[in-house]
Amino acid sequence: MVGLISGVRKNSLAADAGIKAGEKLCSVDGVQVKDIIELSFYTSDYEVNLEIEATDGTRRQVHIEKYPDEDLGLEFDSAVFDRVATCYNNCVFCFVDQMIPGMRPGLYVRDDDYRLSFLYGNFITLTNMKDEDFERIIRTHLTPLYVSVHATDPQVRCQMMHNRFAGQLMERLQLLFDAGIQVHTQIVCCPGYNDGEILAKSFHDLYAQYPNVLTMAVVPVGTTKHREHLTQLATFTKEQAAEVVEQVTAWQERCRKETGKTFIYLGDEFYLLAEKPFPPTEWYDGFPQLENGIGLTANFMLEWDEALAQMQSFHPAEPAVIPVGEGAYRVLEPLMAKLNSQFGSEHRFVPVPNSFFGGKVNVTGLLTGSDILANIQEKKIILPDVVLNNDKLFLDDMSLAQFKERYPGKVEIAKGAKELLHLLLER
């Protein structure tokens, strides 16, 4: 149980002590820490003794004097030094089960680790935890957590997750609530399973726990073409999506009237599929579940308008194309048309069909390098950064370097609307 040091910040305490990237942290004051949460606790005092293993396997003691809570400057390849807790459910909608075989191992990891939930907002089910896990959450007050609910009805949750213990959700949540632990929640909504009256029950049960339950997100199930031997699962039609939008909008209006917050939010795909307008920006309450795809489009449009208002003296850069998912294209294309008309530019959003996962997957973040190359061969392309992971890999394992080798024109990357506009316009 060691932490692999991936980086040491320049001029930090660790750098001054001679610690280098590639070495390993073995213990802190004689204690083998399990994650960066424990590391923070054990290094909060005035002095700390670290056992470091060099790249040649030799170990040494490093003594550091510091101010309380002063950061050491260490970065790790993983926030968890022991084994990441994985999911043993067999959910009917699991996206990992629908991945094409033979890809990089990280795409098949079904993490269900409360530490990653606290640190990064990963959703956990509470079904793969031991009593000592709950005790540690409560003792160290790890709040908020992010919990996959799917249904508060015990029978439905057990059916969807293929776990006979999944129905204990509300009791386990109450254990956290009694200790002052708050949660953000999500529901992967599947037609015929947890929509309609079951979704209504989930809303009423969770809303009754506000503000212990901070938010509730409802995202539509996504299916790929790789569902051989899996449970048959339908996706939402336009009409069904419209029904969900209408149902949830009524609850949102109630919540805003009673609490001043929207509380329950829909994934962008519902509005795009139903061809319904997005709620007002203020209804997203600062986008608390943006990483879960809640309000991505609305946030992009808000950032676009705010950035564009500061760029009136700019002029168009060379024509560029930006690949986007087919779902988002309908609402993004008018933004570009207005920009081109205003500045005389010739930029384009291009909807890219997702052949890798199948036509039912139409979000930008799941586009692959191979699909983009198959549909775009222009002079200049600007890739949304959401199509790449931290290692600059597309979901089909194509690296950014390989993409650039195969693409005939210039390749740039934009993170968000502001960066994109600065690549589309110049002083």
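Bear in mind that the values here come from a model prediction, so they are computed numbers and not experimental data.
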Applied to residues 375-384, the side chain to side chain donor-acceptor pair (under 3.5 Å) test, sequence neighbours excluded, yields R348-E378, K380-E412
Quick one: salt bridge (charged side-chain N to carboxylate O under 4.0 Å, His left out) partners of [X], sequence neighbours excluded?
X: K392; answer: none
X: D45; answer: none
X: D111; answer: none

- Query: So, do F95 and F357 have ring centers that fall under 6.0 Å from each other?
  - Reply: yes
Using the ring centroid of each side chain, check whether Y329 and F349 are separated by less than 6.0 Å. no
By side-chain contact (heavy atoms from CB on, under 4.5 Å), E269 pairs with (sequence neighbours left out) P220, V363
Review point. Is the backbone N or O of I181 less than 3.5 Å from a side-chain atom of T143, with the two atoms forming a donor-acceptor pair by type?
Key: no
Counting N and O atoms only, with roles assigned by atom type, does the side chain of R227 sit under 3.5 Å from a partner on the main chain of T231, one being a donor and the other an acceptor?
yes
| said: Under a plain distance cut-off of 3.5 Å, with no hydrogens placed, do H150 and N194 share a side-chain donor-acceptor pair? | reply: no
Report yes or no: do Q289 and H184 form a side-chain donor-acceptor pair below 3.5 Å? no
When the side chains of residues 310-317 are checked against the rest of the protein, which donor-acceptor pairs come out under 3.5 Å, sequence neighbours left out?
| residue | atom | partner | partner atom | Å |
| --- | --- | --- | --- | --- |
| Q312 | OE1 | Q342 | NE2 | 2.9 |
| Q312 | NE2 | L308 | O | 2.8 |
| H315 | NE2 | R427 | O | 2.9 |

Check the angle between the aromatic planes of Y146 and F123 and answer parallel, tilted or perpendicular using the 30° and 60° thresholds. perpendicular
